[in-house]
Each structure stands twice: as C-alpha cells, then as structure tokens.
Engineer: 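Submitted below is the structure of interest, expressed as structure tokens.
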Amino acid sequence: MGLCLIDHSLTTAAITYPIERGWVEPSEGIELVPGLTAELVAERGACALLGSIDAVYLADRYAVVTDVALVSHHNGPIIVWTPGRPDEIDHAVVALDDVSRTAEAVARATLTHFYGFQVTGWDRTTDERDAAVREGAAAFRPSDSGHIGDLVRAWFILSGFPLPTHLLMAPRELVEREPDAVRGVVDQLQHLLSLTNERRRELRRNLAEDLGLDRERLVAFQNDQTFTASKTVRKAWLDLVRRTARAMQLPAVEEPVVFSARERA
C-alpha cells in the first residue's frame, strides 16, 4: 500500500485514534501528521486525508477519493468564542491562532452572515481578541466565560449543506496507473473506522478524560460525523470554496476529478 498522510487532530480521531493507542499494528503505509498542509502533501507526493480547504490546493493534480471523508452536519469541531452575546457585537477582530484553513473558511462564510457582526480583521498572532475561532480539542473544552457558537451548525443553516472537514486526496497519476494502491489506502482507513465504531464508548471516555473535554458535546459531534464524500458533500465543498475564494485567494476548483475505489472494484 502506498503512503497516506493523515491530519492528526481530534476531528480525525475516528481514524487516527486506533493507531495512536495501538489498537492496530502500526502500518508502514500510514503516517499521522499534526497540522497537515497541502504544501507538505505535494512535497511528499502521497495520498492524504487533509482539511478540505487545503485539498483545494491539490485539486489540479489530485483526485478526490469519495470512499472516505470526514463530514459534520449539525454539530462540529469548529466554534467561535465571544466575550458577550454574538448578536450584541457590532465589529470584531477575530483571532485565528492554530486553526486550519478550513476553520478559517467556515468562519469567513458564517460570522457576518449568520451572527451579523462585521469582521474588521483576522489575526493569527494572538489568542484572544474581540472573538476567537477554536478548532478540534480547543472547541470542546469548557469555557468559564463568554459565549460559544457552533460554526458548523451556522454553516448548515446558511447553506443547507454539511461541512466536509477532511477529504481523501490521491495523486491522479497513482489513480490512473495503480488504482489498487488507492484501494488499499481506502481499505485501511475503513478498517480503522470500523475499529473505532466497535470501541466508540472507550474512545469518547478516553478523549474526554485525557483532553479535558465536554463529553456531551464530544459525543454529539462524533454521533453526527459521517465518513464518505457523497455528491452532496462535494457540492458543499465547492460551495464553501466559492464563498471564500476571493477573501482567502484560493485556487479555482470547477470540475474536480473524482475516484471511487468501490465502483472501481
């Protein structure tokens, strides 16, 4: 099986946790990379499960593998924190420290249109300003003050679409010349998802205790998460890209190449 890089975060725990905790024998074909970016994936020329906005930067030479994805619908791992009620804020500088390009895109798509305040700046140099976007484990830790808004829920209300947080991307050359290698990656990732499903109570208990998370919110997020890039999910991805492309200077993605290991089999 060819090398597959996986973004290692709480959002991807349904796939990464069995590897992290030794529930399976370590595979030479899988590598967990915190904060995985498109630039690193392109440098390695590997398959990758990475943030959906980072995937945009690969779409000109990679295919979207539809068999595996991470998708949130109504409860998500991306939130906005504000010191007071969001609907009482007129203008805000928004902190983006340590969040992914995907989290930034969701924030740009929702904060003004859903919460109604004007964003006067986006800041990656400070932890807290007038508002702060938080992602992954940071999104599920209890807050002693302020208000929290689920940006995935806001995105769904605004767009009618779920949010694909992560997509599986494979080099087009690999898809064309060695589709069985891509199928091997898919099989491995689906096996990891099956293990997580069988031991989901253990996973949630451990994550909540080890990381100090609000278990109720964590369970709601993981129960809501789905794992394939359906046609609707791909439309959601392109819609998010369209809404934020100018502000984030994203490459255009009009007709992404799509590959399904299941259909190929």
Side-chain angles (χ1 to χ4, degrees), residues 7-13 33-40 50-57 70 72 74-159 163-166 207-208 210-214 216-218 220-221 237 239-250:
D7 182 37
H8 189 193
S9 70
L10 181 74
T11 307
T12 60
V33 183
L36 182 62
T37 64
E39 289 79 4
L40 177 58
L50 78 167
S52 59
I53 295 300
D54 272 276
V56 173
Y57 291 87
L70 295 173
S72 292
H74 309 285
N75 299 276
I78 304 168
I79 61 101
V80 62
W81 175 91
T82 53
R85 288 173 54 90
D87 56 4
E88 296 176 349
I89 297 174
D90 293 324
H91 300 84
V93 174
V94 179
L96 293 170
D97 283 12
D98 298 323
V99 303
S100 67
R101 285 165 167 159
T102 303
E104 178 181 348
V106 174
R108 286 181 179 272
T110 58
L111 289 184
T112 296
H113 297 290
F114 185 80
Y115 291 104
F117 60 80
Q118 294 298 314
V119 177
T120 57
W122 302 91
D123 194 339
R124 287 189 176 270
T125 63
T126 184
D127 290 333
E128 305 293 356
R129 292 296 294 269
D130 304 316
V133 178
R134 297 175 181 167
E135 182 179 22
F140 293 101
R141 292 194 178 103
S143 179
D144 294 332
S145 63
H147 291 255
I148 289 174
D150 189 326
L151 294 186
V152 171
R153 177 178 175 274
W155 164 254
F156 182 85
I157 292 171
L158 282 174
S159 69
L163 175 71
T165 60
H166 289 76
L207 285 175
D210 293 347
L211 300 175
L213 309 182
D214 181 323
E216 183 177 343
R217 289 174 55 216
L218 175 66
F221 154 61
W237 175 48
D239 189 40
L240 180 61
V241 173
R242 177 185 61 79
R243 292 172 188 248
T244 58
R246 178 176 297 179
M248 295 183 66
Q249 298 182 336
L250 301 176

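Because only heavy atoms are used, hydrogens play no part in the values below, and waters and symmetry mates are left out as well, while side chains stay in.
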Engineer: Can you find a pair of side-chain heavy atoms, one from D130 and one from V94, that are under 4.5 Å apart?
Structural biologist: no
Engineer: Ignoring hydrogens and geometry, is there a side-chain-to-backbone donor-acceptor pair from T120 to A92 under 3.5 Å?
Structural biologist: yes
Engineer: Sub-3.5 Å donor-acceptor pair from the side chain of T110 to the main-chain atoms of A154, do we have one?
Structural biologist: no
Engineer: Answer whether the closest heavy-atom distance between the side chains of L151 and L111 falls below 4.5 Å.
Structural biologist: yes
Engineer: Closest heavy-atom contact between P164 and S52?
Structural biologist: O-OG, 2.7 Å
Engineer: Please report the shortest heavy-atom distance between W155 and R243, naming the atom on each side.
Structural biologist: CZ3-CD, 3.5 Å
Engineer: Any heavy-atom pair between the side chains of E104 and R124 that's under 4.5 Å?
Structural biologist: yes
Engineer: Please confirm whether the backbone N or O of S145 pairs with a side-chain atom of W81, one donor and one acceptor, at under 3.5 Å?
Structural biologist: yes
Engineer: Would you call T37 and L50 a side-chain contact if the rule is heavy atoms closer than 4.5 Å?
Structural biologist: no
Engineer: side-chain hydrogen bond (donor to acceptor under 3.5 Å, both in side chains) between S100 and E135: does it pass, once the steps are laid out?
Structural biologist: CA-CA 8 Å; S100 67; E135 182 179 22; 2.8 Å; yes
Engineer: How far apart are the closest heavy atoms of A131 and T82, and which atoms are they?
Structural biologist: CB-CG2, 3.8 Å
Engineer: Check whether any side-chain N or O of R141 sits under 3.5 Å from a backbone N or O of L211 as a donor-acceptor pair, and report yes or no.
Structural biologist: yes
Engineer: Can you name the closest pair of heavy atoms from A107 and V133 and give their distance?
Structural biologist: CB-CG2, 3.7 Å
Engineer: Under the side chain to side chain contact (heavy atoms under 4.5 Å, CB included) criterion, do D7 and H166 qualify, and how do the steps go?
Structural biologist: CA-CA 8 Å; D7 182 37; H166 289 76; 2.8 Å; yes
Engineer: Would you indicate whether the side-chain heavy atoms of R153 and H74 approach each other to under 4.5 Å?
Structural biologist: no
Engineer: Taking W122 for its side chain and L96 for its backbone only, find out whether a donor-acceptor pair lies under 3.5 Å.
Structural biologist: no
Engineer: Calculate, to the nearest 0.5 Å, the distance between atoms CZ and OG belonging to R134 and S143 respectively.
Structural biologist: 5.0 Å
Engineer: Looking only at atom types and distance, does a side-chain atom of R85 sit under 3.5 Å from a main-chain N or O of G146, one as donor and one as acceptor?
Structural biologist: no
Engineer: Taking the side chain from D150 and the backbone from I79, do they hold a donor-acceptor pair closer than 3.5 Å?
Structural biologist: no
Engineer: For E216 and F140, run side chain to side chain contact (heavy atoms under 4.5 Å, CB included): C-alpha distance rounded to whole Å, both residues' side-chain angles, the deciding distance at 0.1 Å, then the answer.
Structural biologist: CA-CA 9 Å; E216 183 177 343; F140 293 101; over 6 Å; no
Engineer: Look only at the side chain of T102 and the backbone of I53, and say whether a donor-acceptor pair between them is shorter than 3.5 Å.
Structural biologist: yes
Engineer: So D54 and E39, do their side chains get closer than 4.5 Å, heavy atoms only?
Structural biologist: yes
Engineer: Please report the closest heavy-atom contact between L10 and F221, naming both atoms and the distance.
Structural biologist: O-CE2, 4.3 Å
Engineer: How long is the gap from CZ on R108 to OG1 on T244, to the nearest 0.5 Å?
Structural biologist: 8.5 Å
Engineer: Which heavy atom of V80 sits nearest to which heavy atom of Y115, and what is that distance?
Structural biologist: CG1-CE1, 4.0 Å
Engineer: Establish, for the pair R101 and Y57, whether the NZ or CZ atom is under 6.0 angstrom from the six-membered ring centre and no further than 45 degrees off its axis.
Structural biologist: yes
Engineer: Is any side-chain heavy atom of V99 closer than 4.5 Å to one of I78?
Structural biologist: no
Engineer: Report yes if some heavy atom in the side chain of F156 is under 4.5 Å from a heavy atom in the side chain of L163; otherwise report no.
Structural biologist: no
